[in-house]
Amino acid sequence: MSATSESPAGAASRPPSVDTLARSLAGSGLPHPILVDIAREAIADGDHQRAAERAEAFRRTLLTPVVNATGVLLHTNLGRAPVAHSQPARPQTVEFDLATGERGSRQRAVGQLFARLCGAEAAIIVNNNAAAVLLVVAALAEGRQVAVSRGESVEIGGAFRVPEVMEQSGARLVDVGTTNRTRLADYERAMVRPGNDVALVMKIHPSNYRVAGFVEDTPVRELATLDVPVVADIGSGLLDATVPWLHGPPPAWLHDEPAAVQAISDGADLVTFSADKLLGGPQAGVIAGRRDLVERCASHQLARALRCGGLTLAALQQVALSYLRRTVTDDIAFWRMVDQPLDALRRRAERIIGEAGVGAAVETEALPGAGSAPGISMPSVGVAVAGDQLARLRAHDPPVIGRTRDDMTVLDVRSVDPDDDHVLIAALAALAA
Ligand SMILES: *Cc1c(COP(=O)(O)O)cnc(C)c1O
């Protein structure tokens, strides 16, 4: 029953007091109240000799910067798009109008920039794209129906399930067409079916999977001929299909990604998308389109609960300004990774191998990730070492996250910031040592 009865007998293993043990762990850098909890539990478990390991294990549960060498550029478990942002502890004009000195709109600063970027009349920012869809449906279709193709009634990212989002918004889903083929006539029939009260047609990009073969969907251009507003949930946040911010033509892997500018010019009344996927910004959701509809969303009760804080808005404003200034491949980490030429990746891999004294360069396929462009990859280069070294690499400080392939561990350099190459070198050298 007592802690000591489980540990080896003798004075050396008699547990210290909780306070003494907690103080002995101060080198972990954890705050004292946390160390007291860890010390108390270790003593209760008869495990006080491993208290330092317990403290280290706790430290590793805190948010920690890592090196993403998985080759998945927008890694969902690693916070999607990596974002650089810092700001001083100063008040900012989150809801203050400098012209009048009175209260202003939280949506104005960044909303106007996204309206400009999307070629839309207006835009607002909410917590994420799930919130954007929830708000649009609640504001425009509460108590009424939303028509969605059966081929687009999808689940994205584990928790975003279209039918459930509709239900939570207080709207009812009307299934249109079939899983593989939905034509304009199917929507037209659903709208006039007796008893139906369709307020909205929603086109949802099935971001994370593809149906191949005998497949047909109805493009926004055709949906725009219907009598109700058309909302396009494009998901990934690609702003413009012509990617004018990249050097060279649009990459092949972007071929099937819907983009905001084109959806709006094709006649979508609203578009919604995530800010932390292909846009490359912080977690947020954008609603852009017709001013009257955007205003109905902004003034809905739910908007208050779904809004972003000043930190997010300030980071997103930087992202929007980078697109407008065409400095995307300098400023936005995701597009910087995409823009790396293959021979530059090869040179980096060779240098890492040379300095670490271990590993071999291998061809890899990097992925955009975050459910964007499923099944499509971009050529990349990795450093391969024998065996499964994933756990040892995660134990490195800072942790390195890789992946395994054919009995090898591969560290893809495309998803690694070149400033972190020295971390790969140190982690690989430590494996060899
Ligand atoms: C990712 C995605 C969502 C969910 O967006 P979050 O920003 O993760 O809330 C919704 N719809 C589509 C089409 C998506 O791709």
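Nothing fancy with the numbering, it's 1 onward along the sequence.
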Just checking, is any N or O donor in the side chain of Asp331 or Thr327 under 3.5 Å from an acceptor N or O on the other one? yes
Kindly write out the residues that satisfy ring pair (Phe, Tyr, Trp, His ring centres under 6.0 Å) with Phe334, not counting sequence neighbours, or none if the list is empty. none
Could you tell me whether the side chain of Val400 reaches within less than 4.5 Å of the side chain of Leu411, counting heavy atoms only? yes
Regarding Asp240 and Gln262, do their side chains bring together a donor and an acceptor under 3.5 Å, going by distance alone? yes
Main chain of Ala275, side chain of Arg80: is a donor-acceptor contact present, judged purely on distance under 3.5 Å? no
Tell me the closest heavy-atom pair linking Gln389 and Ala386, and the distance in Å. NE2-O, 2.9 Å
Show the numbers, then the answer: is there a salt bridge (Lys or Arg N to Asp or Glu O under 4.0 Å) between Glu350 and Arg347? CA-CA 5 Å; Glu350 293 300 345; Arg347 281 195 300 276; over 6 Å; no
Applying side chain to side chain contact (heavy atoms under 4.5 Å, CB included) to His247 and not counting sequence neighbours gives Thr329, Asp339
For the pair Asn68 (side chain) and Ser415 (backbone), establish whether a donor and an acceptor sit closer than 3.5 Å, ignoring hydrogens and angles. no
CG/Asn128 to CG/Asp276 distance, rounded to the nearest 0.5 angstrom? 8.0 Å
What pairs meet the side-chain hydrogen bond (donor to acceptor under 3.5 Å, both in side chains) rule with one or both residues in residues 132-142, with sequence neighbours excluded? Glu142-His300
Measure the shortest side-chain to side-chain distance between Arg108 and Asp97 over non-hydrogen atoms and say whether it is less than 4.5 angstrom. yes
Is any side-chain heavy atom of Leu270 closer than 4.5 Å to one of Leu140? yes
Side-chain heavy-atom pair Arg348, Val416 within 4.5 angstrom cut-off: yes
For residues 82-120, which residue pairs pass the ring-ring contact (aromatic ring centres under 6.0 Å, His included) check, not counting sequence neighbours? none
For the pair Ser28 (side chain) and Glu56 (backbone), establish whether a donor and an acceptor sit closer than 3.5 Å, ignoring hydrogens and angles. no
Check whether any side-chain N or O of Asp269 sits under 3.5 Å from a backbone N or O of Val230 as a donor-acceptor pair, and report yes or no. yes
Basic-acidic side-chain contact under 4.0 Å: Asp412, Arg403: yes
Distance (rounded to the nearest 0.5 Å) between Arg296 CZ and Ile287 CD1: 12.5 Å
Is the shortest heavy-atom distance from the side chain of Leu134 to the side chain of Val165 under 4.5 Å? yes
Quick check: do Arg394 and Ile401 have side-chain heavy atoms less than 4.5 Å from each other? yes
Hey, does the side chain of Gln107 reach the backbone of Ala298 with a donor-acceptor pair shorter than 3.5 angstrom? no
Less than 4.0 angstrom from a charged side-chain N to a carboxylate O is my criterion; do Lys277 and Glu257 meet it? no
Donor-acceptor pair, Thr364 side chain versus Val381 backbone, under 3.5 Å? yes
Rounded distance (nearest 0.5 Å) linking atom CH2 of Trp335 with atom CG of Leu279: 9.5 Å
Using a 3.5 Å distance criterion without hydrogens, assess whether the side chain of Asn129 forms a donor-acceptor pair with backbone atoms of Ala132. no
Result for salt bridge (charged side-chain N to carboxylate O under 4.0 Å, His left out) between Lys203 and one of Asp233, Asp217, Asp266 points to Asp217
Are the side chains of Leu223 and Leu226 in contact, using a 4.5 Å heavy-atom criterion? yes
Results of side chain to side chain contact (heavy atoms under 4.5 Å, CB included) for Ile264 - residues two or more places apart only: Ala120, Val271
Counting C-beta onward and ignoring hydrogens, is there a side-chain heavy-atom pair between Pro229 and Leu200 closer than 4.5 Å? yes
One pair to check against salt bridge (Lys or Arg N to Asp or Glu O under 4.0 Å): Arg346 and Asp343. What are the steps and the verdict? CA-CA 5 Å; Arg346 266 193 214 105; Asp343 50 327; 5.9 Å; no
Can any side-chain N or O of Arg414 pair as donor or acceptor with the backbone N or O of Val338 at less than 3.5 Å? yes
I'd like to know if the side chain of Ser149 reaches the main chain of Gly151, judged simply by a donor and an acceptor atom lying under 3.5 Å from each other, with no hydrogens or angles considered. yes
Results of side chain to side chain contact (heavy atoms under 4.5 Å, CB included) for Leu62 - residues two or more places apart only: Leu30, Phe58
Check: Ser299 side chain, Glu295 main-chain N or O, donor-acceptor pair, under 3.5 Å: yes
